[in-house]
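Residue numbers start from 1 in every chain, and the chains themselves are labelled A, B, ... in the order their sequence lines are given, proteins ahead of strands.
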There are 2 protein chains.
Amino acid sequence: MTASERRFKDAIYEQFARIGKAVSSPKRLELLDLLCQAERSVEALASAANLSTANTSQHLQVLRGARLVEAEKNGLHVIYRVAEPAVGEFFLVMRSLGQARLAEIEQISRDFFGGEKDFEAVGQQVLLERIREGEATLLDVRPAEEFLAGHLPGAISIPLPELRRRLEELPRDREVLAYCRGPYCVLSAEAVELLRAEGFAALRFEEGDPDRQLRGLPLAFGVAEAEPGKTGTIKTRF
Amino acid sequence: MTASERRFKDAIYEQFARIGKAVSSPKRLELLDLLCQAERSVEALASAANLSTANTSQHLQVLRGARLVEAEKNGLHVIYRVAEPAVGEFFLVMRSLGQARLAEIEQISRDFFGGEKDFEAVGQQVLLERIREGEATLLDVRPAEEFLAGHLPGAISIPLPELRRRLEELPRDREVLAYCRGPYCVLSAEAVELLRAEGFAALRFEEGDPDRQLRGLPLAFGVAEAEPGKTGTIKTRF
DNA sequence: GTAGTATTCAACCATTCAATTGATTACTGT
DNA sequence: ACAGTAATCAATTGAATGGTTGAATACTAC
């Protein structure tokens, strides 16, 4: 191998390593995960990930250095977002590789969620059909902004902190399927706990490995609006 | 957020970061790239990547720690291989993300290959059809072991070092399309140079972004065997 | 067993990295 | 202009990393 060939290879792999370095820190992965849900300000990211603002800013600049995220100045705030959908897809591939290869992940998950594996048995296709046929209510418990940035079709949005005082929006004669950011987000677990305590039949929709397909499936965007016919339930515009 | 939730998240993201750390070093990426072509001993990897054996061994152990590769002791040698196909797919997704987002990569590539972009215009589908119809010869110039571990269907194998003395195996009335490990491997570029000097019509098959699809397409494996009818040309068994 | 080879281990240095702290810049509303 | 807020920058700390070197281990061939 000539010296110039080696220089070329070194240069090329060093470039690709920029992406690897960007996703080699747990905190940056958490930030990236959040950004895959919706764009956010530095401050919002910092509080969501339990980091100092300065530290968050530095991590975001590493992510930006690898061109995974972009920043836009909006008045007093700087809004970060993933640079393009391919970034989210990469993140999901990486996550699913981790799920496939790292037994520790399932172990940690099981330890935390208590091995109940609440939901999991029902296939996602079946699930979505049941929701369309009105046998179940799909509930998105993430913050409203994330719902607005994209959600599963047919889902209604009640952010977890508002859930207790908005229970009457949920029909009591159907099962509630709560979902949030993915298999490692705890919002839906808390929602299910609360709903069950209130007498609902509630399951956690894990949105696990199939995140990809689900997000590939018809995703709904935009503003949610009240449906006049029903009891104040927020439904998505299709 | 409760303390236990935070611990859970930290633990989970730390696990995923293991994969990120594994692919955050240029050298490890080069090793992984080589392993995606075919399994190899530490020594073979070290010499292919211009590293000391000890250093290679350490990098491989990092990759193994992230469960991306597996090692098997075979007599005096330790053979490393990618743990499962999903690893190669992840690597390709990462590479294609880099190609999409990092302008530097195309720049470095152009600088090295001289901007000729030898091949690129012809779509891969078209290309493969032309090969099947006998209008072109598809030539794999990688080492024989890599060819045996998997190659494009219809390709014949002549490792670059043997090319000069095996030119008579290539029909002179057809175009030769040489390929190697991918868009950043220089073997095929050298092959094209040699072939053109010898009066062949030769193009480099870049196997760029579409690596995925190509590798997803019918890949041929196993032992190559001589075809009695033709002039000693090695063809793949289908 | 002995010699020789492939790999890993252990100790070491230089560099890089994550996170904290305090200062600085950029913008908004009054 | 001034105060207040969001974000970044700069400097520092301790920990982790990449790479080298030389010794130790595991296996093969004789």
Does Tyr80(A) make a side-chain N or O approach to OP1 or OP2 of dT8(D) shorter than 4.0 Å? yes

Flag the pair Phe16(B) / Tyr184(A) as yes when their ring centroid distance falls below 6.0 Å, and as no otherwise. yes

Distance check: side-chain N/O of Ser57(B) vs OP1/OP2 of dT8(C), anything under 4.0 Å? yes

Find the distance Glu43(A):CD to dC27(C):P and express it as a whole number of Å. 17 Å

Using a strict 4.0 Å threshold on nitrogen-to-oxygen distance, state whether Arg6(B) and Glu30(A) make a salt bridge. yes

More than 12 foreign heavy atoms under 6.0 Å from CD of Glu193(B): is that the case here? no

Strictly below 4.0 Å, N to O, side chains only: are Arg101(A) and Glu84(B) in salt-bridge contact? yes

What is the distance, rounded to the nearest whole Å, between atom CZ of Arg40(A) and atom C1' of dA7(D)? 18 Å

Kindly list each side-chain donor-acceptor pair under 3.5 angstrom involving residues 39-49 of chain B, sequence neighbours excluded, with atom names and distances?
| from | atom 1 | to | atom 2 | distance (Å) |
| --- | --- | --- | --- | --- |
| Glu39(B) | OE1 | Arg81(B) | NE | 2.7 |
| Glu39(B) | OE1 | Arg81(B) | NH2 | 3.0 |
| Arg40(B) | NH1 | Glu146(B) | OE2 | 3.0 |
| Arg40(B) | NH2 | Leu34(B) | O | 3.0 |
| Arg40(B) | NH2 | Glu146(B) | OE2 | 2.9 |
| Ser41(B) | OG | Ala44(B) | N | 3.1 |
| Ser47(B) | OG | Ala44(B) | O | 3.4 |

Kindly point out which of dC27(D), dA18(C), dT20(D) is positioned nearest to the side chain of Lys73(B)? dC27(D)

Could you check which of dT7(C), dT20(C), dA7(D) has an atom nearest any side-chain atom of Ser41(A)? dA7(D)

Less than 4.0 Å between a side-chain N and a carboxylate O, is that true for Glu5(B) and Lys9(B)? no

Interatomic distance, Leu76(B) CG vs dC27(D) C1' [rounded to whole Å]: 5 Å

Which nucleotide, dA19(C), dT5(D), dT8(C), lies nearest any side-chain atom of Asn55(A)? dA19(C)

What contact category does Thr56(A) fall into here, base, sugar-phosphate, or nothing, at under 4.0 angstrom with non-hydrogen atoms? nothing

Nearest to side-chain heavy atoms of Lys21(A), which nucleotide of dT8(C), dC17(C), dG19(D): dC17(C)

For the pair made of CD in Glu14(B) and C1' in dA16(D), what is the distance, rounded to whole Å? 13 Å

Nucleic acid contacts of residues 58-65 of chain B, taken as heavy-atom distances under 4.0 Å to DNA chain C: Gln58(B), Gln61(B)

Indicate whether OP1 or OP2 belonging to dT7(C) is found under 4.0 Å from a side-chain N or O atom of Thr53(B). no

Using atom CD1 of Ile79(B) as one end and atom C1' of dC27(D) as the other, report the distance to the nearest whole Å. 14 Å

Are Phe113(B) and Phe8(A), when compared by the centres of their aromatic rings, separated by less than 6.0 Å? yes

State which of dG22(D), dG4(C), dT5(D) makes the closest approach to the side chain of Ala54(B). dG22(D)

Figure out the CD/C1' separation between Glu72(B) and dT7(C), and round it to whole Å. 15 Å

The side chain of Arg28(B) is closest to which nucleotide in this list: dA7(D), dT20(D), dG18(D)? dG18(D)

If the threshold is 4.0 Å, N to carboxylate O, is there a salt bridge linking Arg18(A) and Glu14(A)? no

Whole-Å gap separating P (dG4(C)) and NE2 (His77(B)): 17 Å

Whole angstrom is fine here: how far is it from CG in Leu31(A) over to C1' in dA19(C)? 13 Å

Closest-nucleotide ordering on DNA chain C, the 5'-leading residue of Asn74(A) and Lys27(A): Lys27(A)

